[in-house]
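Written below as structure tokens is the structure these notes are about.
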Amino acid sequence: MTGRRSESPPRPPHLLLLGLNHRTAPVAVRECLAFAAHEIEAALAALRTGPAVDEALLVSTCNRVEVLVTTPDPQAAAAHIRRFLTEARGRPVAADADIFYCHLDDEAVRHLFRVAASLDSMVVGEPQILGQIKAAYQAAARCKTAGVILNRLLHRTFFVAKRIRTETGIGDHAVSISYAAVELARKIFGALEGRQVLLIGAGEMAELAVEHLIRQRAGDILVANRTFARGAQLAARFGGRAIGYEEIGPSLAQADIVISSTGASGFVVERDALRPIMRRRRQRPLFFIDIAVPRDIDPRINRLPNVYVYDIDDLKGVVDENIDDRRREALKAERLVDEAVLGFRQWRESLDVVPTLVALRRKLEAIAQVEIEKTLHGPESQALVDAQTLRRMTGAMINKILHDPTLLLKSNTFHGNRAELLGLMRRLFRLDDP
Amino acid sequence: MSAMDRVHLAVTLCYLAATAGYLAFLLLQRRPLERTARWLLTAGFAGHTLVLAGAGLKAGHLPVNDLHGTLVVAGWTLAGAFLVLQRRYRLHALGVLAAPLVLTIMAAAARLPSVPAADKALFNNFWLVSHVAAIFLGEAALALACGIGILYLLQEHGIKTKSHGFFYRRLPSLGLLDAAGYGCIATGFALLTLGLVTGFAYAETVWGRFWQADPKEIWSLITWLIYAALLHQRLTVGWRGRRSALMAVAGFAALLFTFLGVNFWLDGHHGVFTGI
């Protein structure tokens, strides 16, 4: 053996996560630091050049930029990543040091789990983040910067995020005004397929609601606008039909969902005007979504049978309720994260050299034990040597078999990825699932 | 305890467990709870069929000659009708009303004695068997319509007042409840009509007269008129939603009085058959 023998075997690598998000950095800083999708692979390659970085993952969304690496030397790696993030974009960012947070080992794992489960999002429970992390992982896999530890970690991450989504209500119920309106419509009508929609006026929220309704396969879309040209333009966008402002009355006899968002100072639909229309509709339910301020729809209409009027404050109330619900569900989710962090720690510790060698020795000894028993109690046992001798022999065999792997794993001159080798060894001998 | 009583007890326990299951599902909204409750109700229904068949074989006729037998049949049709309905509309939330109702009926039946009929031939008449079958199936459908009406009123109240409480997420949409309720009322009404017609026909064969202004007959007609009005208004001016739900509840109250109240508080020739 040429290499030096160290007193203690090398430790498994650390996990380090360094980044910033919407809570620590203003958008002006985030937009400077964010990476576009096509820049990720080059960035990963650049990150990898750092002396202390083994595996690397880069997540960049509009709300966060985070780098996750495995490293034998967390301090050096952190400095490297910090420098990389602030200088990678060609223009040095004049950013304070405290816009970054830095998590090590268990905390890094917990942070990734929480981010993927959308517990760290601006809107808790929003579903996009999981897809973004999947994309980041695919990029890392393509660049081969994801090794045995990140592979395992990311797969656990996806599993935990999915479990949280199915086992808690964190993603349930709308937290935007326009989607809350659509959910309400579903509670009133059931399926929205084929329901006629009338849009009065225009506005971002109203148009968003119409888009949601189209996605639910709503039927005809009618657009009424003071300026017909603008109405026609909107109608073309939704694949609907523009109608004149004076046609609102008659078309209420057919429409099921009315979204109103005009700048009118008085009511666009009055209660007394609606009564005969409801009779003509044979009392089929009608749902008014009034996003306008001042209101377009006479609030007394809500008291007519089979008509429902929700104004902007009512919808806000629904959204607030839903947000409170998500917060409560988030507490359940945190418990699932705790559990998963613990599980991952156990696996990570198993990557240490010593437990792997111990597990391997135990496995070999168990095999030898079984075979000795078989031989001693077999038909030709009397022809063989005594049990003592047999045990000594197999013990010596095990020691000889383990000698070279032990030396290799414990040597400090070992080149290459030790974690990968340990992972391979555990897989080859099935040391993780007995 | 006879073998039949033991089956009756087992059926009642199944319904009890199903009731608990549906309550737990309403509270916790976990799919497996609903599946278990449905499975228990189906098992109870299968046992219930055995009870009914056993009673029929023993008596040699449709066992509806006393309150015990009547309740067993009513419970059986209700459980069956609910299983069919929830298969069609996925109205799982209705289980929280249907299961305890079936349970109550079976528990009440267990406490009532089963009396042999005075005249077996009376119960093997074609008109009477059709009358009984149509009336019970119709009553089961209308009972479910009442349950759906109650759910509708709860859900509608939440949406109208904008205070989305406990029920908002747990109950289906107003559209579904209204459609299912309407389906139940239309079916129930058709069967009720058939039951009344065959009942009058039977009265004619026994007493030689279709109509004798007997309290049971009068109350049956009142009940029938309530449902007829409901359906007529729905088809002509569109009585739907809340009004329809309220009428379904009111109609069922009248039906319940016709079914039980008349027997207890008013005398009449119908008592000849039910013995009460």
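In what follows, chains carry the letters A, B, and so on, assigned in the order in which the sequence lines appear, proteins first and then strands, with residues in each chain numbered from 1. Everything numeric here is computed off the predicted structure, so don't read it as measured data.
With a 4.5 angstrom heavy-atom cutoff, B/R169 touches chain A via backbone and side-chain atoms both. Interface remark: A/D314 contributes side-chain atoms only to the contact with chain B (heavy atom separation under 4.5 Å). B/L177 does not touch chain A: none of its heavy atoms, backbone or side chain, sits under 4.5 Å away. Only the backbone of B/R242 comes within contact range of chain A, with at least one heavy atom under 4.5 Å from a heavy atom of that chain. Residue contact with chain B, scored on non-hydrogen atoms closer than 4.5 Å, involves the backbone and the side chain of A/N322 alike.
Salt-bridge check for A/D290 with A/R295: failed, with every basic side-chain N at 4.0 Å or more from each acidic carboxylate O. Between A/D338 and A/R335 there is no salt bridge, since no side-chain nitrogen of the basic residue lies less than 4.0 Å from a carboxylate oxygen of the acidic one. Checked for salt-bridge contact, A/R271 and A/D298 miss the test: no charged N lies under 4.0 Å from a carboxylate O. Salt bridge annotation for A/R163-A/E339: present, with a cationic side-chain nitrogen under 4.0 angstrom from a carboxylate oxygen. A/E334 and A/R114 are joined by a salt bridge, as a carboxylate oxygen and a charged side-chain nitrogen come within less than 4.0 angstrom of each other.
Nearest heavy atoms, B/A98 versus B/L144: CB-CD2, 4.3 Å. Taking both residues in full, the closest heavy atoms of B/L176 and B/P172 are given as CD2-CB, 3.4 Å, listed atom of the first, atom of the second, then distance.
In terms of heavy-atom pairs under 4.5 angstrom with chain A, the leader among B/H164, B/R243, B/R234 is B/H164. Here B/K160 is the residue among B/K160, B/Q29, B/Q155 with the most heavy-atom pairs under 4.5 Å with chain A. Between chain A and the residues B/G241, B/S163, B/G238, the most heavy-atom pairs under 4.5 angstrom are made by B/G238.
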Pair A/V319, A/L315 - check side-chain contact (heavy atoms from CB on, under 4.5 Å), show working.
CA-CA 6 Å; A/V319 165; A/L315 291 170; 5.6 Å; no

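Side-chain atoms of A/V210 and A/I259, non-hydrogen and from C-beta on, do get closer than 4.5 Å to each other.
Residues of residues 275-289 of chain A that come closer than 4.5 Å to chain B, counting heavy atoms only, are A/R282, A/Q283, A/R284, A/P285, ordered by residue number.
Checked against the 6.0 Å centroid criterion, the rings of B/F189 and B/W224 qualify as a close aromatic pair.
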